[in-house]
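Side chains are part of it too, since the values below use all heavy atoms of this structure and drop only hydrogens, waters and symmetry mates.
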Amino acid sequence: MGPRSSARRLPLLTPPHQGGRAAMTCVYRCGNACSHPVPNTSDNPYLNDLIAQAVSRRSLLRAGVVATTAAGAVGALAAPAAADPWWHDHGHDDAPRGLRFEAVPPNTDDQVTVPSGYRPQVVIRWGDPILDGAPEFDPDAQTPETQAGQFGYNCDYLALLDAPWEWRRRVLVANHEYTDEELMFAGYDGDAPTREQVEIAWAAHGLSVVALDEDRRSGDLTPVVGHRLNRRITATTEFEVTGPAAGSELLKTSADPTGTVVLGTLNNCAGGTTPWGTILSGEENYNQYFANAESVTDPQARERLSRYGFGGGATQRKWEQFDQRFDIAAEPNEVNRFGWIVEIDPLDPDAKPRKRTALGRLKHEGGGPRLTRSGRVVVYMGDDERFDYFYKYVSDDKVRWGSSRWARRHNDTLLDEGTLYVAKFTGNSPAEEIDGSGELPSDGAFDGAGEWIPLASGDESFVEGMSADEVYVYTRLAADKVGATKMDRPEDVQPHPYTGTVYIALTNNSQRGTDGKPAADEANPRNSNKHGQVLEVMEEDNDPTSLEFGWRLLLVCGDPEDPATYFAGFPKDQVSPISCPDNVAFDPHGNLWISTDGNALGTHDGLFGVALEGQHRGQVKQFLTVPNGAETCGPIVEDRHVLVAVQHPGEVDGASVEEPASEWPDGPGSIVRPSVVNVTKEDCGRIGR
């Protein structure tokens with residue numbers, strides 16, 4: 001591939017396919033999920049139905065009491081007082097600690113734009129070498145072997161740990177969600193990919209573990225090539241299946257008659273860090289990699305495949321032509337071996353990665369761990385599909401602290417033995433007040449109560465007509481049966497590290513309230529929901545093992561000038577516009593940070609800080625934006641670093657290697673490369689101070 005002219009005109013931005021996404025993103029990222037029929041055809045109620053069925057107003061008031069009690073336990077839900085304006089005069093001295101920066105205005109610039117006084121640094125890009133012997137990236141000389149030693153494609157979730165016994169050294173873990181072959185290979189023919197291109201794509205999926213040197217003066221983070229902890233996990237890495245469904249007949253294949261060994265992980269989206277230092281990663285839109293679901297004739301098998309979004313014949317990438325495990329007709333159980341939470345130990349390069357079946361099989365966005373007061377581990381999870389559900393897992397045993405072999409061996413069992421639950425929400429406002437417009441009900445808040453419905457524990461199923469194995473492998477069908485509440489694409493779910501309140505990013509659902517689809521409810525209050533919302537869940541008595549919870553919407557996203565938006569009661573003329581919340585994180589001061597995916601307001605995706613307490617509660621401030629076609633992923637917000645994964649830059653309809661839609665990160669004449677970016681203050685001072 002020769003040099004590219006800097007004078008080449010970029011392709012026009014075409015109308016969005018879903019929210020603000022390009023059609024190209026929908027094809028390669030999720031297999032065009034939004035253009036397919038909604039997999040959840042159950043008649044499970046949404047909140048309007050539940051409210052209308054309430055026996056009396058007294059029962060509704062009781063639901064409100066639960067929410068209020070839970071709110072009191074975390075002390076963060078009082079309506080804010082009016083705050084001093086900052087948006088028009090750009091003042092920020094009165095903002096909460098961690099949010100004292102000049103908000104970045106919405107824009108469409110082909111760069112990472114940060115506040116005045118801050119600077120972005122590209123830490124690592126697709127194709128940068130991380131293992132010994134891996135060459136420098138050459139887009140004209142890609143091979144499966146070189147990619148397996150280099151940083152993977154389309155980085156998503158990020159985790160940053162301290163390297164043990166090494167001063168000023170950090171360990172970065174990055175998911176690699178999917179590949180876009182049209183932006184990877186010059187002259188790519190989607191109808192006839194080569195074996196080499198397919199095997200490069202296999203090697204570009206998965207996860208990367210990379211040691212970084214930290215410069216305390218500049219704040220720069222620099223990869224340490226060949227470090228003993230560096231590691232690539234790909235679509236062909238061997239995984240161990242653990243937990244109650246390991247060895248199930250539903251997981252056995254001709255290549256693995258034990259049902260306990262799986263090659264690879266696919267479409268890894270968000271994740272979480274466990275209290276014992278391992279990394280959780282969610283397998284999300286894996287259905288798009290498997291071909292020939294239409295050849296299945298057995299009615300029960302067809303129902304199960306349909307519920308998980310499998311359908312049609314050949315796949316977009318044509319992997320089934322090169323490995324029969326991607327052909328459902330040849331290996332019908334291989335699809336059941338994906339859709340799990342996977343766990344890796346980034347500080348032990350010899351530790352085999354695991355697929356944890358006790359946490360259920362769905363389209364996992366990620367997993368957010370939290371400890372109970374007694375030390376049991378709870379993992380909160382969202383199923384990223386329109387009208388799908390919110391889950392949690394509670395371990396039977398408790399964490400053992402320390403790094404001894406005994407403690408590590410014990411903690412390795414915590415995600416195998418426990419109980420899996422799904423959430424059912426109830427609003428506390430009269431049904432007629434939730435009309436799909438997004439207008440607040442008369443009590444001034446979208447809020448209510450909920451319950452956790454158990455699905456399975458060990459080899460015991462709590463779902464009538466389903467065995468425990470079936471509950472774990474077909475978790476969506478189990479949740480359908482028990483009446484879980486349909487949500488607007490529950491994506492990242494993370495508990496607050498100080499208060500315990502759980503935050504759920506509900507990205508959007510343009511089919512809410514359309515013909516034949518569930519209408520708005522109090523937790524999902526807008527029909528044709530293009531912009532999404534952020535929901536808070538407060539466990540009863542702040543106990544994550546509780547079977548009851550209160551909930552409240554923190555944000556109803558969109559243009560602040562739109563009356564259907566809500567910012568926790570904060571003045572809407574003093575917030576940054578925000579659309580399509582995706583990932584959530586927290587800074588050392590307890591503020592919430594939100595990255596977006598598919599901004600439907602016509603500007604680029606970004607990262608936003610949100611105050612959660614006091615008079616500034618609900619104040620949204622944009623911290624950065626990403627380049628053309630890109631999504632903001634995997635935010636990490638530390639005292640002196642903000643890290644984001646800039647995913648699928650240049651992914652604009654009509655773009656290709658020959659006709660790029662972005663020149664980021666390396667400038668004119670270079671191939672566009674997904675990358676991790678580190679933002680620091682110019683004096684390496686504290687973020688937002």
Side-chain angles (χ1 to χ4, degrees), residues 13-23 25-26 29-30 32-52 106 309 363 382-390 425 427 429-441 445-446 448 485-491 504-535 553-567 572 575 577-582 594 596-603 605 620 631:
L13 293 172
T14 59
H17 189 252
Q18 164 65 25
R21 282 186 183 173
T25 303
C26 293
R29 181 180 185 178
C30 60
N32 252 340
C34 292
S35 67
H36 296 160
V38 173
N40 189 351
T41 59
S42 72
D43 59 359
N44 283 3
Y46 41 100
L47 293 190
N48 277 357
D49 284 349
L50 298 173
I51 297 165
K363 288 189 177 181
D383 186 348
D384 183 11
E385 190 91 63
R386 294 162 296 164
F387 303 114
D388 257 295
Y389 307 130
F390 171 44
F425 290 77
S429 300
E432 61 271 15
E433 293 189 8
I434 309 299
D435 59 6
S437 68
E439 183 178 347
L440 283 172
F446 298 111
T485 302
K486 298 178 178 181
M487 307 296 286
D488 286 351
R489 289 187 58 205
E491 294 217 38
I504 310 172
L506 299 161
T507 296
N508 55 42
N509 186 351
S510 59
Q511 293 199 18
R512 174 74 66 175
T514 60
D515 187 32
K517 302 297 191 301
D521 56 47
E522 196 159 353
N524 306 276
R526 287 181 299 190
N527 291 330
S528 301
N529 178 12
K530 297 187 298 182
H531 301 295
Q533 59 262 16
V534 177
L535 186 146
L553 286 183
L554 172 72
L555 305 177
V556 179
C557 300
D559 185 342
E561 294 186 4
D562 183 345
T565 57
Y566 174 71
F567 297 85
K572 295 202 292 184
V575 301
I578 182 172
S579 174
C580 301
D582 188 346
I594 302 169
T596 63
D597 168 22
N599 184 348
L601 294 172
T603 55
D605 280 316
V620 176
E631 169 191 348

### Message
Between Asp488 and Arg512, does the salt bridge (charged side-chain N to carboxylate O under 4.0 Å, His left out) criterion hold? Intermediate values first, please.
### Response
CA-CA 8 Å; Asp488 286 351; Arg512 174 74 66 175; 2.7 Å; yes
Nearest heavy-atom pair of [X] and [Y]: which atoms, and what distance?
X: Tyr566; Y: Leu553; result: CE2-O, 3.6 Å
X: Leu535; Y: Ala523; result: CD1-CB, 3.9 Å
X: Gly558; Y: Leu601; result: C-CD1, 4.0 Å
X: Ile594; Y: Asp582; result: CG2-N, 4.4 Å
X: Phe446; Y: Pro441; result: CE2-CD, 3.5 Å
X: Thr485; Y: Phe425; result: OG1-N, 2.8 Å

Do any N or O atoms from the side chain of [X] and from the backbone of [Y] form a donor-acceptor pair under 3.5 angstrom?
X: Thr596; Y: Pro581; value: no
X: Lys517; Y: Ser510; value: no
X: Ser579; Y: Ala600; value: yes
X: Thr603; Y: Pro106; value: no
X: Asn524; Y: Arg526; value: no
X: Lys363; Y: Glu385; value: no
X: Glu522; Y: Ser429; value: yes

### Query
Passes side-chain contact (heavy atoms from CB on, under 4.5 Å), Thr507 versus Cys580? Steps please.
CA-CA 5 Å; Thr507 296; Cys580 301; 3.9 Å; yes
### Task
Apply the side-chain hydrogen bond (donor to acceptor under 3.5 Å, both in side chains) test between Asn508 and each candidate in Arg386, Arg489, Glu491; give the one that qualifies.
Arg489
## Note on the structure
Taken in chain and number order and not counting sequence neighbours, the residues that satisfy side chain to side chain donor-acceptor pair (under 3.5 Å) with Glu433 are Ser442
### Query
Partners of Ser437 by side chain to side chain donor-acceptor pair (under 3.5 Å), sequence neighbours excluded?
Asp435
#### Entry: Interatomic distance, Asn599 atom CG to Glu631 atom CD [nearest 0.5 angstrom]
11.5 Å
## Note on the structure
In this structure, CZ of Phe387 is separated from CE of Met487 (nearest 0.5 Å) by 11.5 Å
### Task
Using side-chain contact (heavy atoms from CB on, under 4.5 Å) as the criterion, point out the one residue from Val534, Thr565, Leu506 that pairs with Leu555.
Val534
### Message
So, using salt bridge (Lys or Arg N to Asp or Glu O under 4.0 Å) as the criterion, who are the partners of Asp605 when residues are at least two apart?
### Response
none
